[in-house]
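Order of the sequence lines fixes the chain letters, A, B, ..., with proteins taken first and strands second; residue numbering starts at 1 for each chain.
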Amino acid sequence: MSTYQAPKGTFDLIPPKSATFLAVREAMSAVARRAGYGYVETPAFEDTALFKRGVGESSDIVTKEMYTFTTRGGDSLTLRPEGTASVVRAVLQHNLDKGALPVKLYYSGSYFRYERPQKGRYRHFSQVGAEALGSEDPLVDVEIIMLAAEAFRDLGLRQVRLLLNTLGDSECRPVYRAALQQFLRGLDLDEDTRARIDINPLRVLDDKRPEVRAQLTDAPVIADYLCDACKAYHEEVRSLLSIGGVAFEDDPRLVRGLDYYTRTTFEFVHDGLGAQSAIGGGGRYDGLSQELGGPPLPSVGWALGVDRTVLALEAEGVAVPGSGRGVDVFAVPLGEAARHLLFGLVQKLRRAGVSADFAFGGKGLKGAMKAADRSGARYAVVAGERDLSADVVQLKDLESGEQVPVPIDRLVSTIKEKLS
RNA sequence: GUGGGUGUAGCUCAGCUGGCAGAGCGCCAGGUUGUGGUCCUGGAUGUCGUGGGUUCAAGUCCCAUCACUCACCCCA
């Protein structure tokens with residue numbers, strides 16, 4: 001124990017688990033890159049007003065979860081609670097929307113929300129996101145969803161379910177919203193929930209309390225209120241997903257926490273994470289650009305939770321490929337002359353693209369071999385006075401235990417050959 | 001903001017109705033003065049989260065406090 005520890009709701013990523021996090025980030029990023037999405041990186045903080053406007057004043061994120069601070073100059077800034085608002089801001093700021101559409105971008109980074117931590121919910125968390133901006137084409141929705149499904153599949157997750165819904169648009173949603181409000185007002189609800197009826201009634205559908213859920217069974221569903229355009233759009237998305245072989249479940253109760261979503265919304269959930277079952281989610285946000293002062297820019301995107309995906313992998317007992325690798329070679333010197341020679345050979349190996357480590361600290365041979373073993377190296381290079389005077393080093397295969405002398409000037413080529 | 005659970009060795013945890021601080025794993029050393037992963041032997045490491053109280057005596061009981069954790073509201 002030390003005097004200091006990581007702040008509440010945060011955690012350190014340390015080996016060996018940190019390798020899994022890297023692998024998850026990489027797998028998620030890779031599917032986006034393969035599909036022509038370019039990397040975008042925006043600041044970790046933005047003008048507070050961007051999130052208030054973008055995420056929505058009525059969302060809980062804005063009302064109670066933002067890390068907001070005032071600069072010396074008097075500006076109000078906020079650590080980003082999510083990625084989409086920042087990306088849309090960047091696209092508009094740099095006029096990317098004036099070029100070829102859709103603009104396809106992906107990102108990977110840290111996000112911040114001030115909440116009570118629990119399993120899968122942290123104050124500092126990690127997401128990989130992808131956004132396709134400026135195209136109102138059901139195939140884009142489908143591409144986005146398929147990419148996320150592919151990322152989870154590449155990682156080896158099996159128990160992932162895709163939930164799908166539509167939230168309608170500016171034409172039909174208000175009608176549904178009014179009907180829902182009327183229904184909700186007739187229920188027996190606590191004060192906070194009653195307040196939400198006026199602010200964002202859709203979110204009441206998401207309540208998990210049994211006494212609330214019981215009353216929601218006969219709630220009106222959006223499907224009955226969709227306008228023709230939204231209905232057609234949603235049917236198209238559904239049928240394209242089916243043609244593409246992507247399994248999904250219609251979930252008319254699926255509402256998301258951010259105010260900007262329109263039409264397609266979806267969530268990837270995993271059973272086995274505890275209460276925080278969503279490992280990724282997203283949807284279409286056709287009105288967000290205009291909300292932020294830009295032109296109409298119908299867009300769709302997702303964010304996948306890196307931390308939660310790691311939890312899901314653990315729950316399934318899946319080992320991520322490539323996350324447990326050590327170095328290729330470990331050097332074990334005996335005596336001062338060998339220390340200098342082997343240290344030099346380690347540099348040569350590294351320059352040749354072979355990962356290599358070294359027994360530092362003048363350990364005894366036994367201790368150094370132990371270190372070699374723990375490093376996960378495939379080969380150990382051992383050398384002492386005897387070998388040096390013969391211009392060789394001992395190359396030991398740590399799996400088979402076989403050991404052969406190799407001339408010093410042929411070590412790098414010999415190892416490269418064996419590793420290929 | 002609300003409710004539950006847990007704080008004992010580096011890690012995972014045991015420790016009964018109060019009576020000398022424990023195990024497994026890991027770590028270090030030796031068995032093997034030039035060879036790891038198996039095996040054997042030995043060793044080190046604790047303000048029992050913190051502060052107070054009850055008691056002859058507190059890891060154990062009581063109070064407070066802090067931390068962690070799970071869940072609710074809500075969300076990736």
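Remark: A:Tyr233 pairs with no residue by the ring pair (Phe, Tyr, Trp, His ring centres under 6.0 Å) rule, at least two apart or across chains. In this structure A:Phe358 satisfies the ring pair (Phe, Tyr, Trp, His ring centres under 6.0 Å) test together with A:Phe343, A:Phe360, sequence neighbours excluded. Residues satisfying the ring pair (Phe, Tyr, Trp, His ring centres under 6.0 Å) test with A:Tyr285, not counting sequence neighbours, are A:Tyr260. Considering only residues two or more places apart in sequence or on other chains, A:Asp12 meets the side-chain contact (heavy atoms from CB on, under 4.5 Å) condition with A:Ala6, A:Ile14. With sequence neighbours excluded, no residue forms a ring pair (Phe, Tyr, Trp, His ring centres under 6.0 Å) with A:Tyr111.
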Intra- and inter-strand pairs of RNA chain B in dot-bracket (Watson-Crick or G-U wobble, both distances under 3.5 Å; | for another strand)
(((((((..((((.....[..)))).(((((.......))))).....(((((..]....))))))))))))....

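For the C1' atom pair drawn from B:C28 and B:U45, the interatomic distance equals 11 Å after rounding to whole Å. B:A14 and B:C56 have their C1' atoms separated by 28 Å, with the value rounded to a whole Å. Taking atom C1' in both B:C27 and B:C62, one finds a spacing of 39 Å when rounded to whole Å. For the P atom pair drawn from B:C40 and B:U8, the interatomic distance equals 30 Å after rounding to whole Å. Distance noted for atom P between B:G36 and B:U17: 48 Å (whole Å). Using atom C1' as the reference point in both B:G37 and B:G26, the two lie 15 Å apart (nearest Å). Taking atom P in both B:U60 and B:A71, the straight-line distance is 29 Å, to the nearest Å.
Mapping A:Phe268 and A:Ala6 onto RNA chain B by nearest heavy atom places A:Ala6 at the nucleotide closer to the 5' end. The nearest heavy atom of RNA chain B to A:Gln127 and to A:Pro117 marks one nucleotide each, and the one closer to the 5' end goes with A:Pro117.
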Quick one, give me the B/S/- string for nucleotides 28-36 of chain B, reading 5' to 3', where B means a protein heavy atom under 4.0 Å from the base and S means that only happens at the primed atoms, P, OP1 or OP2.
S--B--BBB

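Between A:Phe11 atom CZ and B:U69 atom P the separation is 10 Å, expressed in whole Å. Put simply, NZ on A:Lys119 is 10 Å from C1' on B:U69, counting in whole angstrom units. One atom, CG of A:Leu273, and another, P of B:U69, lie 16 Å apart when rounded to the nearest Å. A:Lys8 has its NZ atom 12 Å from the P atom of B:C70, to the nearest Å.
A salt bridge (Lys or Arg N to Asp or Glu O under 4.0 Å) check over residues 123-134 of chain A, counting only residues at least two apart or in different chains, returns nothing. Here ring pair (Phe, Tyr, Trp, His ring centres under 6.0 Å) pairs that include residues 400-420 of chain A, with residues two or more places apart or in two chains, number zero. For residues 376-395 of chain A, the pairs satisfying salt bridge (Lys or Arg N to Asp or Glu O under 4.0 Å) are A:Arg378-A:Asp397, A:Arg378-A:Glu399, with sequence neighbours left out. Residues in residues 173-188 of chain A take part in these salt bridge (Lys or Arg N to Asp or Glu O under 4.0 Å) pairs, two or more places apart or across chains: A:Arg185-A:Asp198.
A ring-centre distance under 6.0 Å is not found for A:Tyr37 and A:Tyr106.
Counting distance only, with no hydrogens placed and no angle test, the side-chain atoms of A:Arg113 and the base atoms of B:A76 include a donor-acceptor pair under 3.5 Å. Within 3.5 Å, a donor on the side chain of A:Arg308 pairs with an acceptor on the base of B:C75, or the reverse.
More than 12 heavy atoms of other residues, nucleotides or ligands lie within 6.0 Å of CD in A:Gln347, so this atom counts as buried by the packing criterion.
Of the candidates A:Val332, A:Val346, A:Leu342, A:Val406, A:Leu342 is the only one forming a side chain to side chain contact (heavy atoms under 4.5 Å, CB included) with A:Val381.
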For nucleotides 44-51 of chain B, which of its nitrogen or oxygen atoms have a protein nitrogen or oxygen under 3.5 Å away, and what is each distance?
none

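Nucleic acid contact class of A:Tyr111 (heavy atoms, under 4.0 Å, all strands): none. Within the nucleic acid shown, A:Ala372 has no heavy atom closer than 4.0 Å to any nucleic acid atom.
Proximity of A:Arg203 to the phosphate of B:C75: a side-chain N or O atom is located under 4.0 Å from OP1 or OP2. Between A:Gln118 and B:A71, a side-chain N or O to OP1/OP2 separation shorter than 4.0 Å is present.
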